[in-house]
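One structure is given here, and the rest of the page talks about it.
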Amino acid sequence: MDLVTIWFILIAVLWIGYFVLDGFDLGVGVLMPFIGKDDLRRRVMVNTIGPVWDGNEVWLLVAGGATFAAFPLWYATMFSGFYLALFVLLLALIIRGVAFEYRGKRDSQAWRDRWDKAIFVGSAVPALLFGVAFGNVIGGSPIAPLEGTTADNASNLNFVGNFFDLLNPYALLMGVMTLTIFTTHGAIFLMLKTRGEVRAAARTAALRVGLVAAVAAVATLLWTQAFSERVSITLPMALVAAVLWIGALWMVLKGRDGWAFSLSAGTILVAVASLFVGLFPNVMLSSIDPAFNLTVTNASSQEYTLTIMTWVAVIMTPIVLAYQGWTYWVFRKRISTSMIPPQPSAGRADDRFAATK
Amino acid sequence: MGSALDLSRWQFGITTIYHFLFVPLTLGTVWFVAMFQTMWHFTGKEIYLKLTKFFGKLFLINFAMGVVTGIVQEFQFGMNWSEYSRFVGDVFGAPLAMEGLLAFFLESTFLGLWIFGWDRLPKKLHLATIWAAAVGTMLSAYFILAANAWMQHPVGYEIDPATGRAVLNDIGAVLFQNTAVMAFLHTMTASFMVSGAAVAAVGAWFLTKNRQVDVFRPAMKAGAVVTLVAAVGVSITGDLFSKIMVEQQPMKMAAAEALYDTQEDAPFSVLTIGDVTGDSATPIIEVPGLLSFLSTGDFNATVEGINDLQAAYEAQYGPGDYVPYVPVTYWSFRLMIGVGMLAAAWALWALWRYRRGRNPQGTGPVSRAFGIATPLIVLAPLAASTFGWIFTEMGRQPWVVFGEQLTADAVSPLLTTTEVWISLIGFTLVYAILAVIEVALLLKYIKQGAPEQVVADPYEEAAKQADEDKQLYFAY
């Protein structure tokens, strides 16, 4: 296999890792106003993802950095072309990240309510925008050489549209899919990590949103076949994803949290993989002329860089997976409302045991 | 008003300077927290655990801001500087991706374990997590500084004649060239000055208030000593760094001195009145020969001036203006040194004032002056590090990659002024609001003081309680 193919696969792996992991903590954020009826429940929710959300988000940073290193023209064209969408995404991720750390730092309901809104908006907006962005990569966007230049040198290829070109029906549908899938995935994660009232509410949410997600996903994945380079592979993959999703919802119904979570993670894995399989060897489709497509060949770095980065990725990825996996093991216990200690900011002692003595 | 290029430069400047207010504080403070926890582990003295908790909380409030503003940095290269990204991706992307894989994962994952792990991990393992996070932050600094060093002094690459893009051919040269190593050492020592001064000032503030003296005296001492040692380190690395720059970016150093004409035994001007943009500046205080010495180690050596360098660059790169904006380079260079050293002076003062267990609570002018200087001194090294970055980045202009790509050629070609206005205003507003919130929170938690009581071993305590519903030791 040549290096650019390996890197295409690695980028796909990073995005799959990102969506499987950050997918559920974005989902938990989206569910905050719906499941978190009172502060105690909201704190249960925040604490299920508290130790891991930042590590999950790094998958996005690494996917971005790896795209920069391995496919600079893809990175440059996509990031400059999706300018305003990414600006909104960044604002959302900024307020969200700060909100987790700051919401308990003052003992005031108004303060916490404001940060909880930030968590909701900061989670829902990215969950939607990632789908919209992928929709534009896969469904094609207006990419062409700059005026007076030719596509012979792929460096001339740029996104020539505007913000509203990004909001096409296919991309928006993809956005609805990621939003609802991540929300369901988050609800299933909550089932897995909580007990009592939060778990019951999460189960209801998983079933309701899960059904909407099923419809959105089937519609999106079927539409995606129109852009696929190899329908004979991607269509069966889409079917497998659908079956896994039905399985996930079935397990939710039966209250088998572990299975439900594995299956919803599996759904995301297969669905995202199918998008990349259908895209290869392109990395960004031009809706103007296929000759203007960015591909693994014309958008990539040279062999030397790819070789070095392959070694770094091959060594580091398993190590990262091992210690992140261990983190999930350390925090494997379910949380319930009765386990939440008094608000840390309420007194000088964050030391509960000391305070109760 | 303004072109997409100008606005993008403002945006990059604002967001980067803002990001780098939190970074040096993080880079240094994590070591203080790790050291305090280690001291607790090995001495069993409760005050060290209290200090760990106290500074740990401040550290996390600050770290959150560093993380979220850092994401913007990675995205901005592609968003506003796509021509730059295309040109350098093959070289510059590698350290960036390595930073993610080796550093970001490490720091974020292990900090999560540290924050929430007090009752889930045995004491020793919990201690190890903060050290892992500390190593992560330092690795992150190294990779990003190596990437920046390549913009200052590109090495280990060639230009592909077919595409006109830079292609990496020696990763060792990129990662370990002297510019990268020196930038790292200079930045780390500066970061220790920033956090040393912050820890010392917080400690001293409690001493002036005569509160929790037993806890905060060691903090003040540790902070002040670190500030002083780091001040020596920052001076040595700064001196070595400027000698490297004279060789690699002579224009930057000439602009730092507003030295227009090439001179033997060139003087160092301490202060200048009037216009430094003209063909020659009018210095009012000069130290003869000092600039020659600082540049080369020889008082009589020749130092190249701006006018000669401009002529040489025109001959090499074609017609154009290769002179950075001299007032900014000249003054930022002086302010970096001057303001930074204030912190060292204050640290000496603090150590002397509280020597051998003293704790003067006088109301005289000296005490009052110390009371005013103490909270303000936190800003000095922070401002110095900001001036340092303004100097080194503005001094590289008009280049984005020295000698290879002009900043004007790096901007995204189809970016509109409307788009950049929206993002520039958006980022600035949100950043301003968050700055107010962050400072208010830091002050609140400083004033609250260290915890009065601490649990020696939350892990043991948790293990004793058998019930499933036992409360968590720590929760958001």
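This one's a predicted model, so the numbers in the text were calculated from it and none came from an experiment. In what follows, every chain begins at residue 1, and chains take the letters A, B, ... in the order their sequences are listed. For the numbers below, each heavy atom of this structure counts, side chains included, while hydrogens, waters and symmetry mates do not.
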Heavy-atom cut-off 4.5 Å, strictly under: side chain, backbone, both or neither for B:Ser412 against chain A?
side chain

Can you say whether B:Tyr431 sits under 4.5 Å from chain A via the side chain, the backbone, both, or neither, judging by heavy atoms?
side chain

What part of B:Leu168 lies closer than 4.5 angstrom to a heavy atom of chain A: side chain, backbone, both or neither?
both

Report which part of B:Leu121 has an atom under 4.5 Å of a heavy atom belonging to chain A: side chain, backbone, both, or neither.
side chain

Decide side-chain contact (heavy atoms from CB on, under 4.5 Å) for A:Phe79 and B:Ser82; before the verdict, give the C-alpha distance in whole Å, the side-chain angles of both, and the deciding distance to 0.1 Å.
CA-CA 8 Å; A:Phe79 279 58; B:Ser82 65; over 6 Å; no

Does A:Tyr83 reach the main-chain N or O of B:Asn80 with its side chain, forming a donor-acceptor pair under 3.5 Å?
no

Checking side-chain polar atoms at under 3.5 Å, does B:Arg86 have a donor or acceptor matched by the opposite partner on A:Asn153?
no

Should B:Phe75 and A:Phe87 be marked as a ring pair (Phe, Tyr, Trp, His ring centres under 6.0 Å) after you check the CA-CA gap, both sets of side-chain angles, and the distance that decides it?
CA-CA 9 Å; B:Phe75 278 47; A:Phe87 161 66; over 10 Å; no

Distance flag, aromatic centroids of B:Phe110 and A:Tyr323, threshold under 6.0 Å:
yes

Is it the backbone or the side chain of B:Glu107 that comes under 4.5 Å from a heavy atom of chain A, or both, or neither?
neither

With a 4.5 angstrom heavy-atom cut-off, could you sort out which part of B:Leu113 is near chain A: side chain, backbone, both or neither?
both

Side chain, backbone, both or neither: which part of B:Phe92 has a heavy atom under 4.5 Å from chain A?
side chain

Given that the side chain runs from C-beta out, which part of B:Val167 has a heavy atom under 4.5 Å from chain A: side chain, backbone, both or neither?
side chain

Checking heavy atoms, do the side chain of B:Leu441, its backbone, both or neither come under 4.5 Å from chain A?
side chain

Could you check whether the rings of B:Phe105 and A:Trp59 sit parallel, tilted or perpendicular, using 30° and 60° as the cut-offs?
perpendicular

